[in-house]
Amino acid sequence: MNELIAVSLLCASAVSGPTLPEAGGVTLDAQPRERAVHVRMLDGSGVEYANGLVRYEIRLKDAGEPESAAVVAVDTAEGLAIQAHAAGIEIRHEIRPLPDRTGFLENIRVRNTTEQSVVVDDYRFGLRRDTASRGTLRAVAVPFRRQADGRLRDWSLAEIEAGKGANSDWRNDPAVIAPQPVDSARGRLRSEGWILTDGKRGLLIAKYNQEDIEYSHLDWETGVHAALTFGGSSFALHREPESMQTLAPSQWVHLGETFYIPFEGDWPAGYAQFRNWLNSLGHGLSADYDPPINWNELFDVGWYHSDRAALTQHWTRAALLGEAAKASEIGATALYLDPGWEVCEGTSLWDTERLGPVDAFARQVREQFGLGLAFRTIGRVYRDEFPRHWYIQHGPEAKPYEQPFLTKAAEPEPVPMTDADGRRNLARHPRAKASASSTLAGYAIHKPEHLNDGWYNNPASWVSAGEPSWAQIDLGAAYEIARVCLGSEHTAHHGDRAAAHIRILLATEYADESSDSHWHAVAESKNTPIRDTTCFDFAPCQGRYVRIDIPASIGGEVRLDEIEVYEAQSQPWDDEPARRPVAIPPAAGTRINFWEVCTLNPAWQEEKLQRLLKIAPHGMCFAMFDEFDWRGPCYSREHGHAVPSTPEGHTRAVYELIRKVKQHTPGLLVEAHDPVWPWGVRYLPIYFGQSMDPARRPGVYEENWGFEFMWNPIEDLISGRALCLYYYALACDIPLYDHITMENDNDACLAFWWYASTVRHLGIGGKKGLNSTEDNLARWQAWKNAMRQYSRLREWFVRGQLAGLDEMTHLHVLPGRPGGILVAFNLTTSPVQRDVSIDLHPLNMAEITPRVTGAAARVQSGRLELSLQIPARSPLVVEIGPADR
């Protein structure tokens, strides 16, 4: 039956904090059109979130893209049901009010009605918002408005239409044969959720699927149906959800749920809705969540993998007891054992010869120092530990396992002296000199002089020590310049370290700061990673100094293999340039230094489990599951998995191992790295397989990993990469774990307080550090002072809620507790004064006189007004509580 269906909801705000105005009515209506259905979703102010024909596109392998037909069907008095068909594929699409009537819930089922299995090459189902829709909206990703690579993911719909949005895709090392993510290739923006908002009100669109890996997508469709598509479902990453890849005859596939939840306010209110939504699904804090403060011995003892002699020398029982003494002195509550406790890393065999029995060691650490014991386990193994047929079979042809080569490095290629029009590359003039703001230490092939050495590619490149950075060429004299070319790799190999944002600056007189008026910007590129050589043409401009200013990069510290500077009109060389000699690496390359087990191999699973059960139940309070990264598909038919194996199958195998370890170790707290992309940008949704409260919803592990911000924590913060932690903490209560090194903080404890404020589970270490020869006693004393304050306030950070206020000003509150803790940060090199105004309601202090420590304060019109004085590169911790009676 074709008829109009209208569903109105009165949606009350579910954000925490002060009572907000009513969210208003949100109406969903569907109007049949010829072979299609037009759906409109709008709020009481007239903003149209959806307004267009519902999109039902599916492309079958070897069958092309059949035309779909859709009709409205009445399902219930308060819901919308649409039936669509396309070449033997039936789609049932339902959108109903949530039980509490705070939003809508969308479910989509797909069935193959033919008698043959069909392979789905691509599909896209979703609501459309056409260009004529009312309201000017932005799209904000949640929980990562800013990703772990520093990229801001907040775009106007006009920017999305212009193709300025992009995903952050991590890449395994070159030895891993894995496809590029299909959603990125098709222009689909991936996130757990999206917020559409005009700054006054908005709609949260959140995807939830625990059976398949699935994300919420936004994409701009061009052509006849020019519109934003959102909600629904489509392939993500490596063609997940897996259940949609091949449809068996009569098989129903139930895709994940999409929640549409309206709210009042700007995107932070949508973030609060997302957090409340996750909590309602069981992804919050358990009643007894109280993680240990870990002291990581790695930073002082060192990392030795399979070097037996080095382990025997450095990783001794006496050394670990010395680390336990440090942990006890600084106020940690557990000694965390990173690489070294094993006979060889990855074997999961406790080295009794060096350390004595594990239970005796745990008992001594507990009785002598009052510490718990924690450990790290990995999926790789750094010696040939297991039967060869347990390892990954990398191709369909069965043959003995060999460690794969890291792909052959691209050899240096000559840079042209002139362009196609005969214009000189002035950077090759003998007078031209290259320099840079910083350089990655320890690599001769990445020095600034390679910026104009006449050779392309990684073996003759410059790499920064972190962004923001700049690289420049002093031409030795002023010229008329009209083109600059640069790139991360002329011949793609690593695919990392790409510049995400660059400005090309020219000057005739030199200035240190890129913001100086002597510099003139002639070109800029944002949001499009510069990987291979890219040329920028501009109106001729005088310049002696050519600077590439780089505010942001992707995939590590930025790399430029060459800066080419071309004159406006061709002139003869006054001094013929010579190409400088460069060392060419051997062609063979090197193999990876570990062995790759197939995690789906049941024989390995059982052996790994039994080895872990000889360790975990003996005094361990915390375990990290690391380096279980996806190493590509396995083709072995002996392992009992699908051939080839898949990222989802690998994930399930790792999670099953964790589940069994926890089953035999009651109370063990587990942090699990993402098993596919384990260290930076995540592959899996943050909630996938996680639960803090198994009684409410079965889950496998408790904590996510903090994106590898452990080695250079202050640099990760100043570069902008670690800002993602603020957004994660704002959006959800799923704990993050991270351990940071004191060595790479400053004496103001800037990094310490940033990570204490943004991750619920904090680990520390590094009185000396990996790159130092002696203890930093001034830093040690500063950290001891910070730890005393943190330990006293720890409940606010571990069990409290981050209420904002912005990236550099964090307010932590506890439900039902009057007061709060405000931590403000100054990342600049000069002192700052900052005024902050806080509503007393989130502080549970509307009727209570506050007492403030750490800042000048006054109460005015129901708000707490603070004046913050923050020294350069420093944090400021402000304690807010009831005044003494």
Side-chain angles (χ1 to χ4, degrees), residues 285-286 288-301 303 315-342 348 350 355-378 612 615-626 658 661-662 665-673 692 701-706 710 713 735-742 752 755-756 759-767 780 783-784 786-788 790-795 797-799:
L285 297 176
S286 66
D288 58 354
Y289 179 67
D290 185 23
I293 303 173
N294 288 338
W295 176 265
N296 189 346
E297 47 66 34
L298 161 69
F299 296 121
D300 282 348
V301 176
W303 196 343
W315 233 94
T316 63
R317 186 185 182 98
L320 292 185
L321 293 177
E323 292 299 305
K326 296 178 191 176
S328 178
E329 181 182 349
I330 203 169
T333 58
L335 177 63
Y336 172 77
L337 305 180
D338 221 329
W341 62 267
E342 299 162 280
S348 298
W350 180 269
L355 305 175
V358 60
D359 53 351
F361 181 76
R363 185 168 56 253
Q364 182 176 3
V365 168
R366 182 177 64 253
E367 293 176 354
Q368 186 172 342
F369 300 101
L371 300 174
L373 205 60
F375 75 106
R376 166 186 179 264
T377 186
I378 66 172
L612 290 174
I615 301 158
H618 298 286
M620 299 295 175
C621 63
F622 171 80
M624 169 191 282
F625 282 72
D626 184 11
I658 296 173
V661 171
K662 287 177 64 66
T665 315
L668 181 69
L669 181 67
V670 168
E671 178 276 308
H673 284 42
M692 281 303 300
Y701 67 97
E702 288 80 18
E703 301 180 338
N704 287 323
W705 173 235
M710 59 179 286
L736 284 178
Y737 172 68
D738 198 3
H739 42 232
I740 62 172
T741 175
M742 181 191 322
F752 174 90
Y755 295 91
V759 302
R760 293 185 183 275
H761 187 183
L762 181 65
I764 58 176
K767 185 176 182 180
W780 174 254
W783 266 48
K784 283 174 68 174
M787 273 290 292
R788 278 194 291 269
Y790 171 74
S791 297
R792 180 169 54 81
L793 304 176
R794 183 168 168 270
E795 185 179 8
F797 301 112
V798 172
R799 295 201 53 79

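For reference, positions follow the sequence shown, starting with 1.
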Requested in this report: Take L335 and F361 through the side-chain contact (heavy atoms from CB on, under 4.5 Å) test and state the conclusion after the steps.
Outcome: CA-CA 11 Å; L335 177 63; F361 181 76; 4.2 Å; yes
Report yes if the side chains of [X] and [Y] come closer than 4.5 Å at any heavy-atom pair, otherwise no.
X    : Y    : answer
F797 : V759 : no
R376 : L298 : no
D738 : I740 : yes
D338 : E297 : yes
P292 : L669 : yes
Y737 : P291 : no

Report task. Only one of W295, W705, Y755, F752 passes ring pair (Phe, Tyr, Trp, His ring centres under 6.0 Å) with H739; say which it is. Result -> W705
Which atom of [X] lies closest to which atom of [Y], heavy atoms considered:
X    : Y    : value
V798 : L285 : O-CD1, 3.9 Å
A756 : L762 : CB-CD2, 4.1 Å
L668 : C621 : CD1-C, 3.7 Å
A324 : L371 : O-CD1, 3.4 Å

Report task. Mind running side-chain contact (heavy atoms from CB on, under 4.5 Å) on H761 and Y289 for me, showing each step along the way? Result -> CA-CA 10 Å; H761 187 183; Y289 179 67; 3.6 Å; yes
Checking the side chain of [X] only, and the main-chain atoms of [Y] only, is there a donor and an acceptor separated by less than 3.5 Å?
X    : Y    : answer
S791 : M787 : yes
W350 : L355 : no
T377 : F625 : no

Let me confirm one number: the [atom1]-[atom2] distance from [X] to [Y], rounded to the nearest 0.5 Å.
X    : Y    : atom1 : atom2 : answer
S348 : W341 : OG    : CH2   : 4.5 Å
W783 : R788 : CH2   : CZ    : 14.5 Å
L337 : M620 : CG    : CE    : 5.5 Å
I378 : H673 : CD1   : NE2   : 11.0 Å
E671 : F622 : CD    : CZ    : 5.5 Å
Q368 : L321 : CD    : CG    : 6.0 Å

Query raised in the report: D359: what forms a side-chain contact (heavy atoms from CB on, under 4.5 Å) with it, not counting sequence neighbours?
Result: P357, H618
Query - side-chain contact (heavy atoms from CB on, under 4.5 Å) partner of I764, the single match among I330, N296, N294 - result: I330
Query raised in the report: Charged N to carboxylate O under 4.0 angstrom, K326 versus E329?
Result: no
Query raised in the report: Does the pair E702/K662 count as a salt bridge with the N-to-O cut at 4.0 Å?
Result: yes
